[in-house]
Structures are given as C-alpha cells and as structure tokens.
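Just so you know, these numbers come straight off a predicted model, no measurement behind them. Here is the naming used below: chain letters follow the sequence lines, and residue numbers restart at 1 for every chain.
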There are 2 protein chains.
Amino acid sequence: MSDRKSLESLFHLVHALKRQLFEQAEQLNVNLTPMHIRVMKIIDRKKPCTAIDIASFLRRDKAQVTRLVNTLIEKDLISKEPNPNDKRSHYLCVTESGTRLVDEIAKIDANTMQMMTKNLSEEELSEFQRISSLMSKNLEAR
Amino acid sequence: MSDRKSLESLFHLVHALKRQLFEQAEQLNVNLTPMHIRVMKIIDRKKPCTAIDIASFLRRDKAQVTRLVNTLIEKDLISKEPNPNDKRSHYLCVTESGTRLVDEIAKIDANTMQMMTKNLSEEELSEFQRISSLMSKNLEAR
DNA sequence: AATTATAGTTGACATTATCAATTACATTGC
DNA sequence: GCAATGTAATTGATAATGTCAACTATAATT
C-alpha cells in the first residue's frame, strides 16, 4: 500500500483532481474544459498576456493554446487586441462577461482548495508545494 | 510565483512527470504507452489479477482496461487464464516475455525515481506521499 | 424461476497533447 | 537596405487518455 518508492499516491491525487476540475467546469455551465479555465485565469492574472506567454507558462504546444484561445474568443470571454510591439502577436484581454466568469471561477476554486486541503496545515501545504516544485525541476532539468 | 493557494506547482509536476513517463515508454522500444506499463506492473504485483482489479486500482472505466489489456495480450506480454470462481472473468498473467519487460520497467522506473527525488530526503519523500494520499482522499470522499 | 447485479466488451465521443508545415512579421549581421 | 534567420500564431493530422451507454454472459438474490 504505502510503497515508499512508488508514485501511486501522486497518480491517484492527479486523477482525483482531474475529475474534480471537470466537475468545477460543469458547475460553471458555460461548456468549457478545465484547460480553458486555466487559460482564463492566466490571462486574467498576467496583463498584458500573449499566446506565447500562456504556452510557456503551461509548457504546452502553441497549437493547443491557439485552439483554447479561439474557443474563449468565440464565447466572448476574451478578446484579441493588437500588440503595439509586435504585429505578429496579440494581447489577450478578458472581456466583461469573462470577468464575471473569472469571479465565479475564483469562488469555486477556493471551495475545491478548501476541500482538498481541509485537514492540512499551512506548513504541510507549503511543504507539499515546495517538494512538487523541486521534483518538477528535477525532471525538467535535462 | 510561489502562490500559497494555487495548484500550479502540482500541475507542473504532473506535466513534467507525464513527459518523463512517455520517454520511459519509448526507451522500452515495445510501442506501449505509459498506461500499458502501469497495467503491466499491476498485473505483475497482484496475483491473481482480473480486469476489475485493475479498473478499481486505477479508478478507471472498465472499457479502458479492456482495451489496455487487449493490446498487452496481442503483444504476448500477458495471457488470459480462466477464473475458476467466475466464468465471466479471467485471471491475467504475465507471460515469459512479459516478465522480461517488467524487469526492464523496474530498472527504468528506479532511474526516474532517483532523478526525480535526487535532492530529497526519505522524510521529505514520505511526507509528500502522505500529503498526496490525504488530498486525494479528501477529493474522493464525497 | 425471476430479478437483479456483476465482469467484460464494444462503439461513440471528448479532452489533452504533440508534431510538422505554413504565413507573416521581426531581428541580426553584413 | 537586404538577406538570412528567428519567432508568433495558425492549421492539419494524429495519439493517448478517459468516459458514457448499450450489450452479452454469468452470478447472486429473493
């Protein structure tokens, strides 16, 4: 069960979290996926924000970002503004209805976070995050 | 960056780990995916093992397990034996070539684990696993 | 014996992800 | 200034993972 040298506990957490995020997305009633929601949060936080910013933050292919962004534009949650420094690029901006969605996301997010960490101390949580960062850096440093 | 109340560090770890597992799978040169490899490990460890055992351990749909198992059978890595207690069900058994693969997997796995946790103490690692378990239980308990 | 439950399979489909090729613009070095 | 090279974004193709619903066959329950 508690195999010191196995990743099962992490795998199970990841899977449970994924399901949780899908349910979160459903609660928003706006037909978006978890990745769309992550992108909304990123655009809301980082201003100005380009597609490349999103791709590099998420460490994802630009192709995926383009498609996620397109859906968000179709749904009038974000808009593309010209990037004065680079005609190839655009600034992505949260619209009014996008802002309302981001507010909803924040509330639901807080609930999830609280549920997930309800019996953990601040120290345990930050320790968990510190170790997560170390491990991902170990994997990425190659 | 180090947002106390965000899951970004975990998300990044998950993504880095996923990439790592794909590379592991490629190293095996047997055209299997990370999930196939997880299933091989499960069948090897749990004897006897049925498809339902795998589904419940992975918390995955039976449909997915059926397909993963079928690929492994096609590649002669596991075989289906009759389950004497239930004619609907089968015992899944690692074949000879499957056993050789499992051995290779173990080696590559150990390398990954070492790389990922190289600057972590035993205590940190087990703390990480303890917290992971707690969080996934929190999410699953509903 | 009839009803209900379970093991496994199959088909359809959504989400996430990557790669390669392309277009348009930007930057660098001559 | 201009050629070469690099970068932002898009599009098409495709793979891996995951879920749901419907189904068959067998098991368990009443």
- prompt: Parallel, tilted or perpendicular: which describes the rings of B:F128 and A:F128, with under 30° parallel and over 60° perpendicular?
  reply: parallel
message: Hydrogens and angles aside, do A:H36 and A:T33 bring a side-chain donor and acceptor to less than 3.5 Å of each other?
response: yes
- prompt: Strictly by modelled atom types, are A:Y91 and A:D53 linked by a side-chain donor-acceptor pair under 3.5 Å?
  reply: no
Which whole-number value in Å describes the distance from [X] [atom1] to [N] [atom2]?
X: A:N83; N: D:dT7; atom1: CG; atom2: C1'; value: 13 Å
X: A:R88; N: C:dA24; atom1: CZ; atom2: C1'; value: 8 Å
X: A:I54; N: C:dT16; atom1: CD1; atom2: C1'; value: 16 Å
X: B:L92; N: C:dA7; atom1: CG; atom2: C1'; value: 12 Å
X: B:D53; N: C:dT6; atom1: CG; atom2: C1'; value: 13 Å
X: B:L21; N: C:dT18; atom1: CG; atom2: P; value: 13 Å
X: A:E23; N: C:dT15; atom1: CD; atom2: P; value: 15 Å
X: A:H90; N: C:dT23; atom1: NE2; atom2: P; value: 17 Å

- prompt: Which sits closer to the 5' end of DNA chain C, A:F22 or A:N85, going by the nucleotide each is nearest to?
  reply: A:F22
query: Hey, does the side chain of B:S97 reach the backbone of B:D76 with a donor-acceptor pair shorter than 3.5 angstrom?
result: yes
- prompt: Between the side chain of B:Q64 and the main-chain N/O of B:D61, is any donor-acceptor distance below 3.5 Å?
  reply: no
Do any side-chain nitrogens or oxygens of [X] fall under 4.0 Å of OP1 or OP2 in [N]?
X: B:Q64; N: D:dG18; answer: yes
X: B:H15; N: C:dT18; answer: yes
X: B:R19; N: C:dT18; answer: yes
X: B:K62; N: D:dT24; answer: no
X: B:S89; N: C:dA7; answer: no

Indicate, with a heavy-atom threshold strictly under 4.0 Å, whether [X] touches base, sugar-phosphate, or nothing.
X: B:K87; answer: sugar-phosphate
X: B:D61; answer: base
X: A:R60; answer: sugar-phosphate
X: A:A55; answer: nothing

field: Given C:dA26, D:dT10, C:dG8, the nucleotide with the shortest approach to the side chain of B:T66
entry: C:dG8
task: Among C:dG8, D:dT26, D:dT11, find the nucleotide with the atom closest to the side chain of B:T50.
output: C:dG8
field: Residue met sooner reading DNA chain D from 5', once A:V65 and A:K18 are mapped to nucleotides
entry: A:V65
query: Can you name the one residue among A:R38, A:R59, A:K41 that meets salt bridge (charged side-chain N to carboxylate O under 4.0 Å, His left out) with B:E8?
result: A:R38
- prompt: Salt bridge check: are B:E140 and A:R19 linked by an N-O gap of less than 4.0 Å?
  reply: no
- request: Using a cut-off of strictly less than 4.0 Å between a heavy atom of the residue and any atom of DNA chain C, enumerate the qualifying residues of residues 25-43 of chain A by number.
  value: A:T33, A:P34, A:M35
field: Residue list, salt bridge (Lys or Arg N to Asp or Glu O under 4.0 Å) with B:R88, at least two apart or on another chain
entry: B:D86
message: Any N or O donor-acceptor pair under 3.5 Å from the base of D:dG12 to the side chain of A:R67?
response: yes
